[in-house]
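Below you'll find the structure, written out as structure tokens, and then a few comments.
Just follow the structure's listing: the first ligand is 1, and inside any ligand the first atom is 1.
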Amino acid sequence: MAKKYLVYMAQVHTNFRKAELESLADLHNITSIDFDKYDDNSPFLLVELENDKQAIDWIKRSILTRAIYEYWGEGQDLESLHKNIQSQPSFGHYKTLYQNDTFKFDFETYRGASKMNRIKQIESFAYLNFQGKISLKSPQQVYTVIEEYQPISDNLSSTVPIKMYFGRLVQHGDRVAVEKYDLKKRPYKGTTSFEAELSLVSANIAQVKPGTIMYDPFAGTGSFLCAGGHYGAIVIGSDIDGRMIRGKGASQNIATNFKYYKESSRFLDVLTMDFTHNSLRSNLAIDTILCDPPYGIRESIKVLGAKDPERFAGKENVEIDGEKAFLRRDYIPTKKPYALDSLLDDVLQYASERLPIGGRLAFWMPTANDENVETIVPLHANLELKYNCVQEFNKWSRRLLVYINRGPDYHGETNSGLSRTANFRDRYFNNFN
Ligand SMILES: C[S@@+](CC[C@H](N)C(=O)[O-])C[C@H]1O[C@@H](n2cnc3c(N)ncnc32)[C@H](O)[C@@H]1O
């Protein structure tokens, strides 16, 4: 029989929250959740699940969820909360089920702070008649009162809750990972490093799975590789810029980051490679692609090749000390500029060829916030565009695009070859005026 659970989410990155919860539910084949009840403006979501195991599986790696509780009831104030708890059909069952377990009470507040006497509040739950000992350090059960407040104004918070929930804690989300992977503490990072919270969320929406291979073709300092490693994937990265791959010496590179997180076993390798001249063998099973392609802002978009083929003609045969120059380890190949639209088309095509059916491609794409310019998202006939989650800045936004490989029978819309993002770089450097 289905049970009620209360999800208490962080009120941050709300454009990404539902996608994260849906993706994690899908990852664990949980189909009973009615996402129509989800509201970006509220941190609460009441759902039905089969049991605690489902709740644990679903929420334990969620970055944007604080916790999930077995739902015992709710009310406008303490009195109505108690009445509601005792009127729930599962009340008698729940009360006896955990009666002899050690326990403690906890309080969570949303948009306010209580002035109520917490001891008195706890005592008002005496009718639950718990027989177990109180344990503040390692209780078997944590009962939580969650209070929601309505601030009086922008600067004035209220001390009287508008709503109270009561539940038994089943599972915390994974917000501690945001601290763990905080860029401030990371040994190797650079100007292109992607913040911890949204890189972890991206990996969740991309459904990065333990024991599978995740590839970041524009790895830079390896932010998404770290996120993939956190979820147990075996990660591989590449970047055209060898300096990124080599890092800042033996103690500051992508591998040392994995050592720092004690996740070295998940780091397969990184290589210096132009994505458009991809040398990963074609039967290497890549389960997920997660990346932040170059936008031409902090780094240039370049591919192998001569900018001016006429001037380069004949130089491919240059020899140094009797050896072809391009075969020497110190050879730096010529590079030429490339359009972001073409690169994104290449990424979609690569994903359609390399991902398994159902595998996900997720990448970030910048867009200007011009009201009169339509944002055109790249599309490929084999890929279903599943999510388009926007993070707004002042004059521009970036969006996480998530695609599922549906294979050649999908026949989706395509816009390959179209100019979609061409003016972003110029608009950025002209301050979007
Ligand atoms: C936005 S950055 C990615 C940053 C990365 N997520 C990190 O954590 O540092 C894009 C990267 O793409 C690389 N890049 C540009 N053109 C490339 C190409 N043709 N093939 C592979 N990498 C390329 C750049 O050198 C840069 O490191």
Side-chain angles (χ1 to χ4, degrees), residues 181-203 206 208 214-230 233 235-248 252-258 260-261 267 269-280 286 288-307 332-351 354 361-367 391 393 396-401 421 424-425 428:
Y181 293 94
D182 186 356
L183 287 182
K184 284 193 222 95
K185 302 178 209 156
R186 188 172 294 176
Y188 173 48
K189 56 184 173 274
T191 51
T192 60
S193 299
F194 204 98
E195 55 144 307
E197 188 168 23
L198 280 179
S199 50
L200 291 159
V201 169
S202 308
V208 173
M214 189 204 103
Y215 172 43
D216 178 349
F218 310 101
T221 58
S223 315
F224 291 110
L225 299 180
C226 288
H230 177 63
V235 301
I236 180 164
S238 60
D239 198 291
I240 198 169
D241 188 345
R243 292 168 302 179
M244 294 283 193
I245 296 297
R246 286 190 295 276
K248 300 169 187 164
Q252 266 186 306
N253 55 47
I254 298 174
T256 56
N257 282 348
F258 276 80
Y260 172 78
Y261 295 128
F267 175 64
D269 213 345
V270 282
L271 53 149
T272 303
M273 179 174 80
D274 169 14
F275 172 69
T276 66
H277 290 76
N278 207 280
S279 63
L280 294 181
I286 298 168
T288 314
I289 298 171
L290 173 58
C291 58
D292 179 22
Y295 314 142
I297 304 296
R298 290 158 300 167
E299 70 302 286
S300 57
I301 308 172
K302 293 245 165 91
V303 294
L304 293 182
K307 207 171 165 182
I332 300 175
T334 51
K335 299 183 188 92
K336 60 177 182 185
Y338 199 54
L340 176 58
D341 287 322
S342 309
L343 190 66
L344 297 183
D345 281 343
D346 295 343
V347 171
L348 265 62
Q349 180 58 28
Y350 185 86
R354 304 301 297 268
L361 157 72
F363 66 85
W364 285 83
M365 188 182 92
T367 39
Q391 182 187 25
F393 297 108
W396 66 287
S397 328
R398 61 181 175 189
R399 45 190 76 223
L400 177 69
L401 302 177
T421 57
F424 180 77
R425 186 178 184 280
Y428 184 94

Original post:
For the side-chain hydrogen bond (donor to acceptor under 3.5 Å, both in side chains) test, which of Thr276, Asp274, Asp346 pairs with Tyr338?
Top reply: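 Output: one option passes, namely Asp346.
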Report, in ascending order of atom number, the atoms of ligand 1 lying under 4.0 Å from any heavy atom of [X].
X      : result
Val303 : 19 (N)
Asp274 : 18 (C), 19 (N), 20 (N)
Met273 : 20 (N), 21 (C)
Lys302 : 16 (N), 17 (C), 18 (C), 19 (N)
Thr221 : 7 (C), 8 (O), 9 (O)
Asp241 : 25 (O)
Thr192 : 4 (C), 5 (C), 7 (C), 8 (O), 9 (O)

Is there a side-chain contact between [X] and [Y] (heavy atoms, below 4.5 Å)?
X      : Y      : value
Tyr260 : Lys185 : yes
Ile236 : Leu280 : yes
Pro294 : Lys302 : no
Trp364 : Tyr295 : yes

**OP:** Say whether Leu343, considering both its backbone and side-chain N or O atoms, lies within less than 3.5 Å of an N or O atom on ligand 1.
**Re:** no
Original post:
Hey, is ligand 1 close enough to Asp216 that some N/O pair sits below 3.5 Å?
Top reply: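 There is no such contact.
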**OP:** Flag yes if more than 12 heavy atoms outside Lys307 fall under 6.0 Å of its NZ atom; otherwise flag no.
**Re:**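 Open: at most 12 neighbouring heavy atoms sit under 6.0 Å from NZ of Lys307.
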**OP:** State whether a side-chain donor-acceptor pair under 3.5 Å links Tyr215 with Asn278.
**Re:** yes
Original post:
Nearest to atom 11 (C) of ligand 1 by heavy atom, Thr276, Ile240, Asp239: which?
Top reply: Asp239
Original post:
Counting heavy atoms only, which of Gly222, Gly190, Ser223, Ala219 is nearest atom 5 (C) of ligand 1?
Top reply: Ala219
**OP:** Of the side chain and backbone of Pro293, name the one, both, or neither that has a heavy atom under 4.0 Å from an atom of ligand 1.
**Re:**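 Under 4.0 Å from ligand 1, Pro293 contributes backbone atoms alone.
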Original post:
For ligand 1, is any non-hydrogen atom under 4.0 Å from Pro217's backbone (N, CA, C, O), its side chain (CB onward), both, or neither?
Top reply: backbone
Original post:
Which value, rounded to the nearest 0.5 Å, describes the distance between Leu198 atom CG and Phe224 atom CZ?
Top reply: 8.5 Å
Original post:
Looking at CZ of Phe218 and CD1 of Ile240, how far apart are the two atoms once the value is rounded to the nearest 0.5 Å?
Top reply: 9.5 Å
